[in-house]
Student: 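A single structure is presented below for examination.
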Amino acid sequence: MSASVRSMTGYGRGEHIAEERKFTVEMKSVNHRYNDMTIKLPRSLAGLEDKIKKRIMHEVFRGKTDVYISFETFSAADVEVKLNEALAAAYIEKLKLIEEKFGIYSENKLELAAKFPDVITVEKAQQEEEIIWEALVPALDEAVEKFVAMRTVEGENLKKDILLKGERIRALVAEVKERSPLVVVEYQEKLNNRLKDLLGGVDVDPQRIATEVAVFADRGCVDEEVTRLESHLIQLKDILDGGGQVGRKLDFLIQEMNRESNTIASKANDIQIVKATIELKSEIEKIREQIQNLE
């Protein structure tokens, strides 16, 4: 059974509630040449960023991945209310001055002072990092699992389509292979007939014709290119069946296939081979576009 391949586009979401805390992790990715990861998380979890990245990178090897982590608490123990006493005293003192200067007296100076900025602040209490990490991991792992599953489904669909295109290329290569020797035979017949017409039936030196045909055959010979393309098609299937991180390998292989098809096109002396080569290059280009999305 062949191993799976993965697309570089995917999405995953995970949630976990533990001890009155709720963690939510969302991941999404697009194509990228390297493994580029951005993690956005609350300031209170900033110390866990490196551990989060390392855990994800055990499963994600290529693509531009954005990770969003949110953290809610339902416990009063996680909230710390702070009073800036010096600032509150300063505000109250100024309120008293206003009363004396303008003759306006208020019974709620304390309430007014409490509404001024930074007098009373609410902060999340510092938690032990290991406790937070243990509560976050289930949500993180769930998101990664769903993320990888989606990339795997898309990757397998791409694999099937690439293999179908590979079979189409194989048929076109076989067509070129079958047609190539016939081109030489047809050229020899045309050359004989043309010389007979030009010379009015005078016999032509067979050796001279053989030499001309040999030059033509050598100039238009695509045997090596066809053999290499056949080999590349075997490698294409082997790499995809091997699974894992196939994107870069296939990118190099497709460059080689494109090079061989260009050489065949430049050597072609036959309209049927030219047509087959045009289709061949088109299918190779379609595969090239698809493998840009494989991890």
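Everything quoted here is computed from the prediction, not taken from an experiment.
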Student: Which residues satisfy the side chain to side chain contact (heavy atoms under 4.5 Å, CB included) test with R259, sequence neighbours excluded?
Tutor: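 Listed in chain order: E256.
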Student: Is there a chain of hydrophobic side chains (I, L, V, M, F, W, Y, each step under 4.5 Å between heavy atoms) that links M8 to I162?
Tutor: no
Student: Begin with the C-alpha distance, continue with both residues' side-chain angles, and end with the deciding distance and a verdict on salt bridge (Lys or Arg N to Asp or Glu O under 4.0 Å) for K160 and E156.
Tutor: CA-CA 6 Å; K160 291 176 184 177; E156 287 298 300; over 6 Å; no
Student: Is the shortest heavy-atom distance from the side chain of I52 to the side chain of L45 under 4.5 Å?
Tutor: no
Student: Cut-off 3.5 Å, no hydrogens considered: what does the side-chain donor-acceptor table look like for residues 55-69, sequence neighbours left out?
Tutor:
{"residue": "R55", "atom": "NE", "partner": "D141", "partner atom": "OD1", "Å": "2.8"}
{"residue": "R55", "atom": "NH2", "partner": "D141", "partner atom": "OD2", "Å": "3.0"}
{"residue": "H58", "atom": "ND1", "partner": "K54", "partner atom": "O", "Å": "3.2"}
{"residue": "R62", "atom": "NE", "partner": "R33", "partner atom": "O", "Å": "3.0"}
{"residue": "R62", "atom": "NH1", "partner": "L294", "partner atom": "O", "Å": "3.1"}

Student: Using the side-chain hydrogen bond (donor to acceptor under 3.5 Å, both in side chains) criterion, which residues pair with E15? Sequence neighbours excluded.
Tutor: R13
Student: Could you list all the ring pair (Phe, Tyr, Trp, His ring centres under 6.0 Å) pairs where at least one residue sits in residues 15-48, not counting sequence neighbours?
Tutor: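 Sorted result for residues 15-48: F23-F71.
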Student: Near K165 NZ, under 6.0 Å, is it more than 12 heavy atoms from other residues, nucleotides or ligands?
Tutor: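 Atom NZ in K165 is packed in, count exceeds 12.
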Student: Among all residues two or more places apart in sequence or in another chain, which pass the side-chain hydrogen bond (donor to acceptor under 3.5 Å, both in side chains) test with R168?
Tutor: E279
Student: Going by heavy atoms in the side chains, are L280 and M257 under 4.5 Å from each other?
Tutor: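 No; the side chains remain at least 4.5 Å from each other.
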Student: Assess whether side-chain contact (heavy atoms from CB on, under 4.5 Å) is satisfied between V222 and T263, documenting all intermediate values.
Tutor: CA-CA 8 Å; V222 294; T263 303; over 6 Å; no
Student: Run the side chain to side chain contact (heavy atoms under 4.5 Å, CB included) test against D238 and tell me which residues pass, sequence neighbours left out.
Tutor: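 In terms of side chain to side chain contact (heavy atoms under 4.5 Å, CB included), with neighbours along the sequence ignored, D238 is linked to I234.
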Student: Rounded at 0.5 Å granularity, tell me how far CD in E49 sits from CE in M37.
Tutor: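 E49 atom CD to M37 atom CE measures 10.5 Å (nearest 0.5 Å).
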Student: Side chain to side chain contact (heavy atoms under 4.5 Å, CB included) with Q235: which residues, sequence neighbours excluded?
Tutor: S231, H232, L253
Student: Please tell me if the side chains of I169 and L233 come closer than 4.5 Å, counting only heavy atoms from C-beta onward.
Tutor: yes
Student: In Å and rounded to the nearest 0.5 Å, what is the OG to CG distance from S180 to D223?
Tutor: 6.0 Å
Student: If you round to the nearest 0.5 Å, how far is CG of N35 from OG of S29?
Tutor: 9.5 Å
Student: For the CG atom of L236 and the NZ atom of K249, what is their distance to the nearest 0.5 Å?
Tutor: 12.5 Å
Student: Going from OG1 on T38 to NZ on K53, what distance comes out if it is rounded to the nearest 0.5 angstrom?
Tutor: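 Reported value, rounded in 0.5 Å steps: 7.0 Å.
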Student: Can you sort out the partners of F147 under ring pair (Phe, Tyr, Trp, His ring centres under 6.0 Å), two or more places apart, ordered by chain and number?
Tutor: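 With neighbours one apart ignored, the set is empty.
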Student: So does K267 pair up with E225, basic N to acidic O under 4.0 Å?
Tutor: yes
Student: Any donor and acceptor pair, going by atom type alone, linking the side chain of T152 with main-chain N or O of V148 inside 3.5 Å?
Tutor: yes
Student: Please evaluate residues E230 and R170 with respect to the criterion side-chain contact (heavy atoms from CB on, under 4.5 Å), reporting the C-alpha separation (whole Å), side-chain torsions for both, the decisive distance (0.1 Å), and the verdict.
Tutor: CA-CA 7 Å; E230 289 174 332; R170 192 183 304 279; 5.7 Å; no
Student: Write out all pairs satisfying salt bridge (Lys or Arg N to Asp or Glu O under 4.0 Å) with one or both partners inside residues 284-295, taking only residues at least two apart or from two chains.
Tutor: R6-E295, R151-E295, E283-K286, E285-R288
Student: Does E178 have more than 12 heavy atoms from other residues, nucleotides or ligands lying within 6.0 Å of its CD?
Tutor: no
Student: The test is side-chain contact (heavy atoms from CB on, under 4.5 Å); show your working for D251 and Q292 and say whether it passes.
Tutor: CA-CA 8 Å; D251 191 44; Q292 301 307 308; 3.3 Å; yes
Student: Could you check if a side-chain atom of L250 sits within less than 4.5 angstrom of a side-chain atom of L240, using non-hydrogen atoms only?
Tutor: yes
Student: Measuring only between side-chain heavy atoms, which start at C-beta, is L48 closer than 4.5 Å to K51?
Tutor: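 The answer is yes, as the side chains (C-beta and beyond) meet within the 4.5 Å cut-off.
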Student: Grab the two heavy atoms, one from A265 and one from T277, that are nearest each other, plus how far apart they are.
Tutor: CB-CG2, 3.5 Å
Student: Could you list the residues that satisfy side-chain hydrogen bond (donor to acceptor under 3.5 Å, both in side chains) with S7, not counting sequence neighbours?
Tutor: T9, E154, N293
Student: Evaluate M27 against I39 for side-chain contact (heavy atoms from CB on, under 4.5 Å), listing each step before the verdict.
Tutor: CA-CA 9 Å; M27 300 174 60; I39 300 176; over 6 Å; no
Student: Could you pull out all residues at least two apart from N262 that satisfy side-chain hydrogen bond (donor to acceptor under 3.5 Å, both in side chains)?
Tutor: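 With sequence neighbours excluded, N262 shows a side-chain hydrogen bond (donor to acceptor under 3.5 Å, both in side chains) to K281, given in chain and number order.
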Student: Please list, chain by chain and in numerical order, all residues satisfying side chain to side chain contact (heavy atoms under 4.5 Å, CB included) with E145, sequence neighbours excluded.
Tutor: none
Student: Working to the nearest 0.5 Å, report the span between CD1 of I287 and CG of N258.
Tutor: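 Spacing of CD1 (I287) from CG (N258) equals 11.0 Å.
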Student: Please determine whether residues M150 and L140 belong to a single hydrophobic cluster, defined as Ile, Leu, Val, Met, Phe, Trp and Tyr linked transitively by side-chain heavy-atom distances below 4.5 Å.
Tutor: no
